[in-house]
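Worksheet for the structure shown next.
Since we're looking at a predicted model, the values are computed, not measured. Hydrogens, waters and symmetry mates play no part in the numbers below; they use all other heavy atoms, side chains included.
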Amino acid sequence: MSANSIKTFLLLGLLTALILWIGNLVGGRAGVVIALVLAVAMNGYSYWYSDKMVLYSTGAQEVLPEHAPEIYGLVAGLARRAGLPVPRVYIVPERAPNAFATGRDPEHAAVAFTEGILETLNREELEGVAAHELAHIGNRDILIGTVAATLAGAIMYIAQMAQFAAFFGAGRRDDEEGGGGMLGILLAAIVAPVAAMLLQIAVSRSREFLADATAARIAGSPNGLANALGRLEEAAHRRPLECASEATAHMYIVNPLSGEGLAGLFSTHPPMEERIRRLLDMR
């Protein structure tokens, strides 16, 4: 197991520990059980239905080889090179150039490209982007990212419950039930969402670096992806991706909600300069 993978599972472990901690503060032992059940239920639902939800939300349309032979053939060729099943290919009717992969495992995966990215990038750059998305599929990053996002969402939901619990004085009964008391509940309601967001960001960034490196090996060169990332980052600042949201931003190859300054510190994606530098160092 690589150092990047070890880091990812440690971060997921911290997210799990955080959800148990806040559950204990809110409701003692019963709160831990409720938090676990909520996390398992949300992850189970996301595992089976997150791909359908995101494809539907973007308006993506599946294309077959006869509909879009160039992009379908490009993806199919790279998939075979990577030793992966050929994923379903979708086109998103958006002018902003971007792409993402989804699906619970390589046998049920899909890659989606916006109309804008197909018009903006040349073939070598598109190969780099497609290889990046196939790397996410092969590395099981989609499942890992979904779990991280779902756990973070569960933590934020429980934190909202903690605010109501504190408001109605639930913490006064916690001494005999094993909870954290009023102060602990208020602390959880404030600290836990921020911690969950930072951990989710760390998971997402570590997987992006790994996908970039894997993509360079699949494509046979880091140059196409490095060039594509620079062009996509520039385009992201000029034209927003209308179908993207905070919940799905981590899925895209370039953050569709890219921001400058302080907003960039909380991006689900690593700094673009660092991603490009690491790719070019592989030459």
Could you give all pairs that pass the salt bridge (charged side-chain N to carboxylate O under 4.0 Å, His left out) test and reach residues 52-75, with sequence neighbours left out?
none

Do the side chains of E208 and R205 get close enough for a salt bridge, i.e. N-O under 4.0 angstrom?
no

Taking the side chain from S204 and the backbone from I201, do they hold a donor-acceptor pair closer than 3.5 Å?
no

Between L232 and I117, is the side chain to side chain contact (heavy atoms under 4.5 Å, CB included) condition met? List the steps.
CA-CA 8 Å; L232 294 175; I117 201 172; 3.9 Å; yes

How close do S57 and C243 get, counting heavy atoms only, and between which atoms?
O-CB, 4.1 Å

Just to verify, what does E119 make a side chain to side chain donor-acceptor pair (under 3.5 Å) with, not counting sequence neighbours?
R95

Name all residues meeting the salt bridge (Lys or Arg N to Asp or Glu O under 4.0 Å) criterion together with E133; count only those two or more places apart in sequence or in a different chain, and write none if there are none.
none

Once side chain to side chain donor-acceptor pair (under 3.5 Å) is applied, do any residues pair with R81, and if so which ones, sequence neighbours excluded?
none

Between L241, T120, I91, T58, which is the residue that forms a side chain to side chain contact (heavy atoms under 4.5 Å, CB included) with T114?
L241

Is it possible for you to check whether R275 lies under 6.0 Å from the centre of the six-membered ring of F209, through NZ or CZ, and within 45° of that ring's axis?
no

Step-by-step side chain to side chain contact (heavy atoms under 4.5 Å, CB included) determination, D105 to I137
CA-CA 7 Å; D105 55 43; I137 293 169; over 6 Å; no

Pairs flagged by ring-ring contact (aromatic ring centres under 6.0 Å, His included) wherever residues 50-85 is involved - sequence neighbours left out:
none

Identify the heavy atoms of G128 and L225 that sit nearest to each other, and give their distance.
O-CD1, 3.6 Å

Going by side chain to side chain donor-acceptor pair (under 3.5 Å), name the residues that satisfy it together with R231, two or more places apart in sequence or in a different chain.
E125

Is L84 reachable from I218 through a run of I, L, V, M, F, W or Y residues, each pair having side-chain heavy atoms under 4.5 Å apart?
yes

Suppose we screen for salt bridge (Lys or Arg N to Asp or Glu O under 4.0 Å). Which residues come up paired with R238, at least two apart in sequence or across chains?
E234

Under the side chain to side chain contact (heavy atoms under 4.5 Å, CB included) test, residues paired with P93 that sit two or more places apart:
E115

With clusters built from Ile, Leu, Val, Met, Phe, Trp and Tyr whose side-chain heavy atoms come within less than 4.5 Å, directly or transitively, what are the remaining members of the cluster of V33, listed by chain and number?
V37

If we ignore hydrogens and angles and just use 3.5 Å, is the side chain of T214 paired with the main-chain N or O of A211 as donor and acceptor?
no

Search all heavy atoms of V75 against all heavy atoms of L134 and return the closest pair with its distance.
O-CD1, 4.0 Å

What pairs with N227 under side chain to side chain donor-acceptor pair (under 3.5 Å), at least two apart in sequence or on another chain?
none

Within a strict 4.5 Å, meaning less than it, do heavy atoms of the V254 and M272 side chains meet?
yes

So which atom in A249 and which in P256 form the shortest heavy-atom distance, rounded to 0.1 Å?
O-CD, 3.7 Å

Tell me, which pairs form a salt bridge (charged side-chain N to carboxylate O under 4.0 Å, His left out) where one or both residues lie in residues 140-151, sequence neighbours left out?
D141-R207

Heavy-atom closest contact (P222 atom, R283 atom, distance):
CG-CG, 3.5 Å

Run the side chain to side chain contact (heavy atoms under 4.5 Å, CB included) check on V92 and L55 step by step: do they pass?
CA-CA 9 Å; V92 178; L55 289 168; over 6 Å; no

The complete set of ring-ring contact (aromatic ring centres under 6.0 Å, His included) pairs with one or both residues in residues 94-133, sequence neighbours excluded, reads F100-Y252, H132-H136

Tell me whether D51 contacts the main-chain N or O of A110 through its side chain, where contact means a donor paired with an acceptor under 3.5 Å.
no

Test of understanding: clusters of I, L, V, M, F, W, Y form through side-chain heavy atoms closer than 4.5 Å, transitively. Do M251 and M53 belong to the same one?
no

Minimum heavy-atom distance between A216 and L279, given as atom pair plus value
CB-CD2, 4.2 Å

